[in-house]
Amino acid sequence: YSANGTAYTQSAGTLSALDYITEIRGIAWGVGATNKVYSTSDVTGAWTLQGTVGDSLFGFTDLYSCQDFLLIGKQDGLYSIDRDGAVYDVLGNYKLKPNANNFKYGAVFKGKVYLPAHNDIIEYDPLSGGVQKIGPAGYGESSSQQHSAVALAADPQESWLYMYGKDKS
């Protein structure tokens with residue numbers, strides 16, 4: 001962690017065991033081993049276990065903060081957890097399609113989250129709960145190539161998608 005962005009202190013304990021960290025309104029959230037979610041208002045201090053998310057057989061893939069919602073990507077689904085520790089399975093239909101790249105390398109752009117999910121890209125609006133598939137699966141049917149979403153990136157003005165195509169066979 002760093003107080004000024006130039007000098008860094010290596011942390012012991014919970015913080016060193018976290019794979020992904022994000023911040024919502026001054027609260028840091030992190031996920032680590034198996035299916036545990038932690039939070040703290042001081043990253044130099046103690047982290048509090050807020051709950052467990054999903055099946056412990058499937059690992060975390062990323063963590064997102066969008067519209068004051070904490071979104072937790074796992075190999076088997078997209079989850080949200082509130083300040084009281086209640087866990088919500090946001091999409092529910094990926095338990096039968098677990099994949100190490102589900103919900104990994106997504107991007108937050110203009111109040112929505114864009115996520116790779118089972119060889120597709122979904123647009124998720126946490127305020128309305130709306131979900132829309134936006135590709136690339138829709139582009140591959142008439143093509144001689146099968147497309148897979150590899151990564152997404154965004155800044156306040158633009159978003160980018162990197163796709164990988166390979167011959168169908």
Side-chain heavy atoms of [X] within contact of [Y], under 4.5 Å:
X: Phe103; Y: Asp62; value: no
X: Ile72; Y: Tyr20; value: no
X: Leu78; Y: Leu115; value: yes
X: Cys66; Y: Val108; value: yes
X: Gln50; Y: Ile81; value: yes
X: Ile121; Y: Lys133; value: no
X: Leu71; Y: Val113; value: yes
X: Asp76; Y: Lys97; value: no

If you group Ile, Leu, Val, Met, Phe, Trp and Tyr by side-chain heavy-atom gaps below 4.5 Å, do [X] and [Y] land in one group?
X: Val43; Y: Leu49; value: yes
X: Ile27; Y: Val53; value: yes
X: Tyr79; Y: Leu91; value: no

Euclidean distance, [Y] [atom2] relative to [X] [atom1], rounded to 0.5 Å:
X: Trp47; Y: Lys36; atom1: CH2; atom2: NZ; result: 15.5 Å
X: Ile24; Y: Tyr64; atom1: CD1; atom2: OH; result: 13.5 Å
X: Thr22; Y: Trp29; atom1: OG1; atom2: CH2; result: 11.0 Å
X: Asp125; Y: Phe69; atom1: CG; atom2: CZ; result: 8.5 Å
X: Lys112; Y: Glu123; atom1: NZ; atom2: CD; result: 4.0 Å

Tell me whether [X] contacts the main-chain N or O of [Y] through its side chain, where contact means a donor paired with an acceptor under 3.5 Å.
X: Asp55; Y: Leu57; answer: yes
X: Asp82; Y: Ala86; answer: yes
X: Ser80; Y: Leu70; answer: yes
X: Ser128; Y: Gly130; answer: yes
X: Asp19; Y: Gly30; answer: no
X: Ser65; Y: Glu23; answer: yes

### Query
Are Lys74 and Phe58 in a cation-pi contact, defined as NZ or CZ under 6.0 Å from the six-membered ring centre and within 45° of the axis?
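Pair Lys74/Phe58 does not count as cation-pi.
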### Task
State, to 0.1 Å, how close Pro98 and Lys95 come at their nearest heavy-atom pair, and which atoms those are.
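Looking at all heavy atoms of both residues, the shortest contact is CD-O, 3.4 Å.
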### Summary
Nearest heavy-atom approach of Gly111 to Pro126 is O-CD, 3.8 Å
### Task
Go through the steps for Leu18 and Tyr38 under the test side-chain contact (heavy atoms from CB on, under 4.5 Å), then give the verdict.
CA-CA 9 Å; Leu18 298 177; Tyr38 299 88; 3.7 Å; yes
### Query
Just checking, any donor-acceptor pair under 3.5 angstrom between side chains of Gln75 and Thr61?
no
